[in-house]
Amino acid sequence: MRTGIIDGANLNGGQQLAVKYFSVALVLFLVQMLFGLLAAIQFVRPDFLYNVLDFNVNRMVHIDAMVVWMLYGFVGAVYWLLEEESGTRVVGLAVGNLAFWVLTVAVAIVVVVYLWVQTGPGNDLTRWFVNEGREYLEAPRWADFGIVAVLGVFFYNVAATFSRGRWSGIAGVLTLDLVALAGLYCAGMFYLTNITADQYWWWWVIHLWVEATWEVLVGCIMAWGLMHVLGVRRRIVETWLYIEVALMFGSGILGLGHHYFWIGTPDYWFSIGGFFSALEPIPLVAMVVHSVYDAGVRKLRNGNHPALAWIIAHTFGNFLGAGVWGFMHTLPQINLYTHGTQWTASHGHLAFFGAYATINIAFFYIAMQTWRGNIWLGSGLAGEGWKWKGALALINLGVIGMTVALLIAGYEQSFIERAMEGSTWRGYFAGQMHPWFQQAMAWRLVFGVVTLAGALLLVWDLLTIGVGETRRAPQFAAEAG
Amino acid sequence: MGTSPPVWASESFWKKVAIWVTAGSFVILVILTFDTLSKTAVGGSRVQSYSVINRSIDYRFDYILNRYRPVFGGDEPLFGRSLSEDEAAALVTQGKKTVQAKNCMNCHTLLGNGAYYAPDLTKAWLDPDWGSVEEREARMLAFLLDPEKNAVTFSSGRKMPRLGITDAEAHAIVAFLKWMSAIDTNGFPTNFKTIGHQED
Ligand code: HEM
Ligand code: HEM
Ligand SMILES: [Fe+2]
């Protein structure tokens, strides 16, 4: 085993597959930012790339790259911990590798078609081969089947490996959660003319992913991460995990109703959606308490400072972006005016970033540490670790800056377009043309550039952190489950 | 640390709670789903049958419900031709498929969901800026066929791009928009003054 240089021999089989997923995730993260910036420029200069790469294309690539890189990160994180957690080798590593390449080629084809073909005639072929035209689920139908097949291989590997090794509490929750996650995707795989029913099922995928199954998935990953990075005891993290599952599913499943206020669905969803979604911040508070307590008890002593910093960013980001920003507009009395405004975009950015980008980045650092021979990434890094600290600061500053700019734009839009003007075409542009809105869009662009700069620094840091380092980090051997 | 924790802090207790809470919530969701889908089937009171495009549609404040609600008037066949239920369904379906194929949702919102670069389309059929009820159909078709030339941007410079929409597709999209404007969206958007309202 060699230290200080990247060497696959430092990784177990699952981890060798995981770093492939992480690498693609990081590339797609940069793609996400690039297309977000193109779209943000168009808000400020509408002629930019008009009729060449229009806003809808850029935005689609922006959000789809996000969903896909986060899924890559999650799959990678699970493969990363699989052998340690199960105590045995991954059962189907070869087929796992094959699935990785199939998925990656499919993603590349989808993106090329998005950019070159963009849209098609209003028939079934377009939905099958170009673009499905439903936000977040734009991937053409052929790719949907590919995604489900690849998730099937992944699920097989997880379930079979735990079965051959040992089932821990984390393993049980993780496996059941993956069944739900893959099953929910199928709720978005059919065509309906009835747009009310269409959006009803569309939200099953979007909401029940990000506010239920993804949230529990990161709960599992975090539980393992806290044992690994801080040496927290298994009984504690697993008890917390069950509490979080109870609170998250108990609020998030029926909280789905906060998307059923205005799409033509019956009005009993006002009370059900309003009530249960208002409870959703509770598990997020619990997660903050849990991880900050654990970190504090250990006086933040650990051998991977960047990973710990991003884990803390995750707990606070999840609480703020999903919990606070989500709660702000979740009651129907408020949502009537904020629904589908920049207010929503403000929440969408802070929630996806705070809850899911952060935890993935933490895992990138955990992976680099082991990949270079489990080196020390605590205090006393070369250059005082200015690169990881700079990346952390720039990315968080950038996203918070964008979030605040969008919130201001959202307030203005809710008042002017919605409350005063009644959401007509003219009212919409009255809101968009207001100087406060325009300034907010300019600031969003500025902070978007800050975010991208931070992300580039992050990539540079990940490629160089710990080069030549020979000090070893302490190993927290996870107790058996 | 030898003593075992109290029941309320024990792992096995929370495991059971997690299972029961999840299962219970899911069962309730499934029951509500059946109910919602039956109440939102096409042809019901919330989502109108496709042949509603043969009628005049408006959106008015209902003083009893205290919210805006679609209201239906007499005959007003789309493009001057009254359609059978099947013909209307086929036309609206083609419109919906075109809306997906052209990726409208990544600039506009529909029922308030989508992107925020362009106006909400939920009640686009009723928008006062189509001029008058008489001009509306022609203006909508012309706009969809050449959005660059017929842009209505209120000096924002934000024009809809050329999407290669054919004449048949444009008719179908208008039918879809008319049908969608008849959905009872519980009063969203509120305070919307329709094209019909302006003529009162
Ligand atoms: C990590 C978890 C979460 C993520 C990633 C997330 C993300 C998002 C995104 C992207 C949207 C916009 C969807 C669209 O494009 O139409 C959205 C909408 C919404 N979210 Fe969240 N969210 C999360 C958690 C929450 C929580 C916990 C709440 C409530 C307490 C909440 C309340 C809402 C509401 C009310 C809307 C609808 C906004 C509208 O009417 O336009 N979200 N969420
Ligand atoms: C370089 C930085 C970024 C820029 C300039 C940017 C820009 C944009 C723009 C212009 C939109 C379209 C909003 C609209 O329809 O009006 C958007 C949507 C979105 N972006 Fe970003 N973005 C950036 C980074 C991110 C990051 C880091 C995340 C999350 C990890 C993210 C998540 C989203 C989501 C979830 C939406 C959909 C929001 C909704 O529908 O409510 N973006 N972004
Ligand atoms: Fe939600």
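The chains referred to below are lettered A, B, ... by the order of the sequence lines, with proteins before strands, and numbering in each begins at 1.
Across all their heavy atoms, Ala118(B) and Tyr428(A) have their closest contact at N-OH, 2.9 Å. Considering every non-hydrogen atom in both Asn56(A) and Lys102(B), the closest pair reads ND2-O, 3.4 Å. Shown here for Glu135(A) and Asn106(B), the closest heavy-atom pair between the two residues is CG-OD1, 4.2 Å. Nearest approach of Thr33(B) to Tyr200(A), heavy atoms of both residues: OG1-OH, 2.6 Å.
Salt bridge status for Arg426(A) with Asp127(B): absent, with no side-chain N to carboxylate O gap under 4.0 Å. Salt bridge annotation for Asp54(A)-Lys159(B): absent, with no cationic side-chain nitrogen under 4.0 angstrom from a carboxylate oxygen.
Neither the backbone nor the side chain of Pro332(A) comes within contact range of chain B; no heavy atom of the residue lies under 4.5 Å from a heavy atom of that chain. Residue Leu256(A) touches chain B through its side chain alone, counting heavy-atom pairs closer than 4.5 Å. Phe276(A) does not touch chain B: none of its heavy atoms, backbone or side chain, sits under 4.5 Å away. Looking at Leu192(A), only its backbone comes within 4.5 Å of chain B, counting heavy atoms on both sides. Residue Leu247(A) does not touch chain B at all, counting heavy-atom pairs closer than 4.5 Å. Met60(A) touches chain B through backbone and side chain together, each having a heavy atom under 4.5 Å away. Only the side chain of Trp201(A) comes within less than 4.5 Å of a heavy atom of chain B; its backbone N, CA, C and O stay farther away. Contacts of Gln413(A) with chain B are absent, with no heavy-atom separation under 4.5 Å from either backbone or side chain.
No donor-acceptor distance shorter than 3.5 angstrom exists from the side chain of Arg158(B) to the backbone of Pro46(A), with no hydrogens or angles considered. Tyr50(A) places a side-chain N or O within 3.5 Å of a backbone atom of Met160(B) that can act as its donor or acceptor partner. Within the 3.5 Å criterion, the main-chain N or O of Gln199(A) finds no donor-acceptor partner in the side chain of Asn113(B). Using modelled atom types, one side-chain atom of Gln100(B) and one backbone atom of Glu132(A) make a donor-acceptor pair closer than 3.5 Å. Put simply, the side chain of Asp267(A) never gets that close to the backbone of Asn186(B): no donor and acceptor are under 3.5 Å apart.
Checked against the 6.0 Å centroid threshold, Trp240(A) and Trp14(B) do not count as a close aromatic pair. In summary, the aromatic rings of Phe261(A) and Phe188(B) are positioned with their centroids too far apart to meet the 6.0 Å limit.
Ranked by heavy-atom pairs under 4.5 Å with chain A, the first of Val17(B), Thr153(B), Leu163(B), Thr166(B) is Thr153(B). Chain A forms the most heavy-atom pairs under 4.5 Å with one residue out of Asp120(B), Val21(B), Asp129(B), Thr109(B), and that residue is Asp129(B). Among Thr119(A), Asp47(A), Val173(A), Ile63(A), the residue making the largest number of heavy-atom pairs under 4.5 Å with chain B is Thr119(A).
Atoms OG1 and CG, on Thr22(B) and Leu176(A) in that order, are 9.5 Å from each other to the nearest 0.5 Å. Annotation: the span from Asp35(B) atom CG to Thr265(A) atom OG1 amounts to 11.0 Å, rounded to 0.5 Å. Rounding to the nearest 0.5 Å gives a distance of 4.5 Å between CG of Leu32(B) and CD1 of Ile272(A). Rounded to the nearest 0.5 Å, atoms CD1 (Ile195(A)) and CG (Leu111(B)) are 4.5 Å apart. In this structure, Leu336(A) CG and Thr185(B) OG1 are separated by 9.5 Å, a value rounded to the nearest 0.5 Å. From Asn58(A), atom CG reaches atom OH of Tyr117(B) across 9.5 Å, with rounding to the nearest 0.5 Å.
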Show the numbers, then the answer: is there a ring-ring contact (aromatic ring centres under 6.0 Å, His included) between Trp262(A) and Tyr68(B)? CA-CA 12 Å; Trp262(A) 324 114; Tyr68(B) 278 77; over 10 Å; no
Test side chain to side chain donor-acceptor pair (under 3.5 Å) on Tyr242(A) and Ser12(B) and set out the steps. CA-CA 9 Å; Tyr242(A) 290 127; Ser12(B) 62; over 6 Å; no
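A cation-pi contact links Arg59(A) to Tyr116(B), judged by a cut-off of 6.0 Å to the six-membered ring centre and 45° from its axis.
A donor and an acceptor atom, one from each side chain of Asn51(A) and Glu148(B), are located under 3.5 Å apart.
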